[in-house]
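What follows is a short report on a single structure.
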Amino acid sequence: MLHTLELSTTRRDEMRDITREVASLIEKSGVQQGTALVYCPHTTAGIAINENADPDVKHDVMLRLDEVYPWEHPQYRHMEGNTASHLKSITTGPSQTIIIHDGKLLLGRWQGLYFCEFDGPRRRQYHVKIMEG
């Protein structure tokens with residue numbers, strides 16, 4: 001089962017918690033044992049699993065990514081001016097695979113699933129492939 005979801009981001013950089021949306025798809029699918037592949041088809045966004053208990057973690061992650069990959073750098077050559085967003089996307093990666101166990105995402109106690117925007121605000125898509133087995 002392949003699902004395509006859309007979201008609108010509101011800032012240049014943000015981590016949007018998509019755990020509930022993906023969990024809802026799994027519940028509706030009826031799959032009890034399997035995997036869910038969550039994939040981002042954009043070169044300036046990514047998918048990550050990280051802490052979702054303390055919102056300061058999202059802030060700290062974005063702060064540090066900005067320090068490592070500044071928006072402006074005198075040696076950047078990319079004409080669009082968004083090299084930092086491409087580098088951040090490479091760092092987070094385009095996808096995550098999560099085990100489905102007893103009909104639920106098998107995430108750690110403090111973990112959540114995030115769509116990571118690095119070149120917003122934009123209208124974005126991500127895909128969820130639910131596989132039984």
Glu27 atom CD: more than 12 heavy-atom contacts under 6.0 Å
no

* For Tyr76 and Asn82, indicate whether the former's side chain and the latter's backbone hold a donor-acceptor pair under 3.5 Å. => no

Heavy-atom count around Glu72 CD within 6.0 Å, excluding the residue itself: above 12? no

- Spell out, yes or no, whether Val57 and Val68 are grouped together once hydrophobic residues are joined by side-chain heavy atoms under 4.5 Å, including indirect joins. yes

**OP:** Would you indicate whether the side-chain heavy atoms of Phe118 and Thr92 approach each other to under 4.5 Å?
**Re:** yes

Quiz item: Mind checking whether Met1 and Glu132 have side chains closer than 4.5 Å, heavy atoms only?
Solution: no

**Asked** Quick one: do the Ser8 and Arg16 side chains pair a donor with an acceptor below 3.5 Å?
**Response** no

Would you say the side-chain atoms of Ser24 pair up with the backbone N or O of Glu21, donor to acceptor, closer than 3.5 Å? no

For Gly120 and Thr9, the nearest pair of non-hydrogen atoms, with its separation, is CA-OG1, 4.0 Å

Check: His73 side chain to Gln75 main-chain N or O, any donor-acceptor pair under 3.5 Å?
Finding: yes

(message) Can a side-chain donor-acceptor contact be found between Tyr69 and Thr91 if the only test is distance below 3.5 angstrom?
(response) yes

With clusters defined by side-chain heavy atoms of hydrophobic residues (ILVMFWY) lying less than 4.5 Å apart, directly or transitively, does Leu87 cluster with Trp71?
no

Practice problem: Check whether more than 12 heavy atoms from other residues, nucleotides or ligands sit under 6.0 Å from atom CD1 of Ile99, and answer yes or no. | Solution: no

- prompt: Heavy-atom distance under 4.5 Å between the side chains of Tyr39 and Leu2, does that happen here?
  reply: no

Is Glu117 salt-bridged to Arg11, cutoff N-O under 4.0 Å?
no

Ala36 and Ile26 have their tightest heavy-atom pair at CB-CD1, 4.0 Å

Tightest non-hydrogen contact, residues Glu6 and Arg123, listed as OE1-NH2, 2.9 Å

Output for pair (Cys116 SG, Lys58 NZ), nearest 0.5 Å, gives 10.0 Å

The reported gap from CG in Asn50 to CD in Gln96 (rounded to nearest 0.5 angstrom) is 9.5 Å

Q.
Do His127 and Thr4 pair up side chain to side chain, a donor and an acceptor below 3.5 Å, judged on atom types alone?
A. yes

Heavy-atom nearest pair, Val31 first then Ile100, reads O-CG2, 3.8 Å

With side chain to side chain contact (heavy atoms under 4.5 Å, CB included) as the criterion, how do Trp110 and Asp54 come out once you've worked through the C-alpha distance, each side chain's angles and the decisive distance to 0.1 Å? CA-CA 9 Å; Trp110 308 112; Asp54 181 352; over 6 Å; no

To the nearest 0.5 Å, atom CG of Leu105 lies from atom CD1 of Ile49 at 8.5 Å

Between the CD1 atom in Ile98 and the CG atom in Leu37, the distance rounded to the nearest 0.5 Å is 8.0 Å

Interatomic distance, OG1@Thr43 vs CD@Glu80, rounded to 0.5 Å, equals 7.5 Å

Report task. Just do the side chain to side chain contact (heavy atoms under 4.5 Å, CB included) check on Ile47 and Phe115 with the steps written out, would you? Result -> CA-CA 5 Å; Ile47 303 292; Phe115 183 95; 3.8 Å; yes

Between Asp13 and the options Arg64, Lys88, Arg122, the salt bridge (charged side-chain N to carboxylate O under 4.0 Å, His left out) test singles out Lys88

Leu5 and Leu25: side chain to side chain contact (heavy atoms under 4.5 Å, CB included), yes or no, with the steps? CA-CA 10 Å; Leu5 293 94; Leu25 290 174; 3.4 Å; yes

Practice prompt. Give a yes or no on whether Arg20 atom CZ has more than 12 heavy-atom contacts from other residues, nucleotides or ligands under 6.0 Å away.
Written response: no

CG (Asp17) and CG (Leu113) are apart, to the nearest 0.5 Å, by 7.5 Å

Exercise. Are the side chains of Asp119 and Arg124 in touch, meaning some heavy atoms are under 4.5 Å apart?
Worked result: yes

